[in-house]
Amino acid sequence: GQQHQPAQDQAECDGAPARKDRQSAELRALEDRGSQDRDQDRKNRFLQEARAAAAVTHPAIAQVYDVDEGPEGLFIAMELVEGKTVKALIQGRELDLLGALEIATQVGGGLQKAHEAGIVHRDIKPENVVVTPDGHAKILDFGLAKLLEPTAPEAPEGISHMETLAKTQAGFVLGTLRYMSPEQARGQAVDHRSDIFSLGIVLYEMVTGQLPFSGTTALDTLHAIAFE
């Protein structure tokens, strides 16, 4: 089917309302970053997790309608959310303290529902939260972060992991790095607490307009998160 620009990308670029199409759904082709020999196993794990995420319904979670593999690869069909990303709201200085707290409360409620179902988002950041014109926060991309996270087999933990992550993912994951939890930065296993930490960073930025952890380079940022 026809592909549409992801709603959050458009909102992030110009702050305009996300575009509608006839189905009010967003179709997105997903690039798998795994190597060929691990390709199918990775896809299977992704499909299993994304379908589990699709079963979670909550007003603060953008609904996933379908996740499957077609001739052109993996695709996901999700609710097309109209509004502005939290990133656009921060950049436009459109949030006051009460607005920031309301968004964080709504997102926290959505995360709680997902966590109760055993689903961890892994990539909570301002670009992945859209606020609709009537003030409802929606978390995007549940079930996607596992597919898109770095794939260094047998990656060491600690400094070596951070160096690998900074070198291989600096361009792709620069926005994500700033919102990682310490365990993500160190290459350790993550659970629901990682999402809560990332939400805390987003709330801090909504209120202050600044990030609590930010370095000159990707590695500096990871080191600050992991050890400061």
Side-chain angles (χ1 to χ4, degrees), residues 4 6-12 15-21 23-28 30 49-67 76-92 94-149 175-176 178-181 184 190-208:
H4 300 279
Q8 67 272 34
D9 290 349
Q10 181 171 350
E12 178 182 330
R19 70 195 258 187
K20 278 185 174 181
D21 65 14
Q23 291 78 31
S24 293
E26 174 186 338
L27 290 177
R28 192 185 310 182
L30 301 171
E49 177 159 335
R51 285 169 181 154
V56 178
T57 58
H58 187 274
I61 297 176
Q63 185 65 45
V64 174
Y65 300 126
D66 192 20
V67 184
I76 185 166
M78 69 179 74
E79 176 185 359
L80 183 60
V81 182
E82 289 192 77
K84 292 183 179 180
T85 62
V86 167
K87 180 175 181 178
L89 294 175
I90 292 170
Q91 289 175 336
E94 298 180 53
L95 294 170
D96 58 13
L97 178 60
L98 289 178
L101 290 172
E102 178 61 30
I103 290 169
T105 300
Q106 292 182 33
V107 171
L111 288 176
Q112 181 180 3
K113 184 68 181 286
H115 295 160
E116 287 170 355
I119 305 295
V120 180
H121 189 287
R122 298 185 184 86
D123 195 20
I124 295 296
K125 57 186 177 182
E127 296 94 319
N128 277 342
V129 179
V130 168
V131 180
T132 66
D134 55 359
H136 293 293
K138 291 267 190 180
I139 307 166
L140 306 178
D141 291 357
F142 253 106
L144 297 193
K146 185 67 174 176
L147 178 75
L148 298 177
E149 68 187 7
T176 298
R178 301 183 179 115
Y179 304 93
M180 280 185 171
S181 63
Q184 281 179 302
V190 301
D191 58 21
H192 65 281
R193 292 170 293 184
S194 181
D195 284 348
I196 295 169
F197 187 93
S198 298
L199 177 58
I201 295 179
V202 173
L203 176 58
Y204 183 98
E205 188 180 13
M206 285 194 292
V207 172
T208 68

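To the nearest 0.5 Å, atoms CD (Glu79) and OH (Tyr65) are separated by 4.5 Å. Distance check, rounded to the nearest 0.5 Å: CG of Asp134 to CD of Glu82 gives 10.0 Å.
Panel note: side chain Gln106, backbone Ala137; a donor-acceptor pair is recorded below 3.5 Å. Judged by distance alone, the side chain of Asp195 and the main-chain N or O of Arg122 form a donor-acceptor pair under 3.5 Å. His121 places a side-chain N or O within donor-acceptor distance of the main-chain N or O of Leu140, the cut-off being under 3.5 Å. Listed for the Asn128 side chain is a donor-acceptor partner under 3.5 Å among the backbone atoms of Asp123.
At a threshold of 4.5 Å between non-hydrogen side-chain atoms, the residues Arg178 and Ile201 do not count as touching. Under the 4.5 Å side-chain criterion, counting only non-hydrogen atoms from C-beta, Val129 is not in contact with Thr85. Looking at Ile124 and Tyr179, their side chains never come closer than 4.5 Å, going by heavy atoms from C-beta outward. Looking at heavy atoms from C-beta onward, Asp66 lies out of side-chain contact with Ile76 at the 4.5 angstrom threshold. By the 4.5 Å heavy-atom criterion applied to side chains, Leu101 and Leu203 are counted as neighbours. Put simply, the side chain of His58 does not reach to within 4.5 Å of the side chain of Ile139, judged on heavy atoms. The closest side-chain heavy-atom distance from Ile103 to Met206 is below 4.5 Å. Taking the side chain as every heavy atom from C-beta outward, Lys84 and Val130 never approach each other to under 4.5 Å.
A side-chain donor-acceptor contact under 3.5 Å links Ser194 and Gln184. For the residue pair Thr132/Lys138, the side-chain donor-acceptor check at 3.5 Å is not satisfied.
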Discussion item. Is there a side-chain hydrogen bond (donor to acceptor under 3.5 Å, both in side chains) between Ser198 and Lys125? Walk through the geometry before answering.
Written reply: CA-CA 7 Å; Ser198 298; Lys125 57 186 177 182; over 6 Å; no
Practice prompt. Starting from the C-alpha separation in whole Å, work towards a yes-or-no answer on side chain to side chain contact (heavy atoms under 4.5 Å, CB included) for Ile196 and Leu111.
Written response: CA-CA 8 Å; Ile196 295 169; Leu111 288 176; 5.6 Å; no
Practice prompt. Given side chain to side chain contact (heavy atoms under 4.5 Å, CB included), test Val131 with His136 step by step and report yes or no.
Written response: CA-CA 5 Å; Val131 180; His136 293 293; over 6 Å; no
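For the residue pair Val56 and Ala117, the shortest heavy atom distance occurs at CG2-CB, 3.8 Å. In terms of heavy-atom proximity, Ala114 sits nearest to Ile61 at CB-CD1, 4.4 Å.
Of the options Leu95, Ile90, Val86, a side-chain contact (heavy atoms from CB on, under 4.5 Å) to Glu205 is made by Ile90 and by none of the others.
Counting heavy-atom neighbours within 6.0 Å of Arg51 CZ, excluding the residue itself, gives a total above 12.
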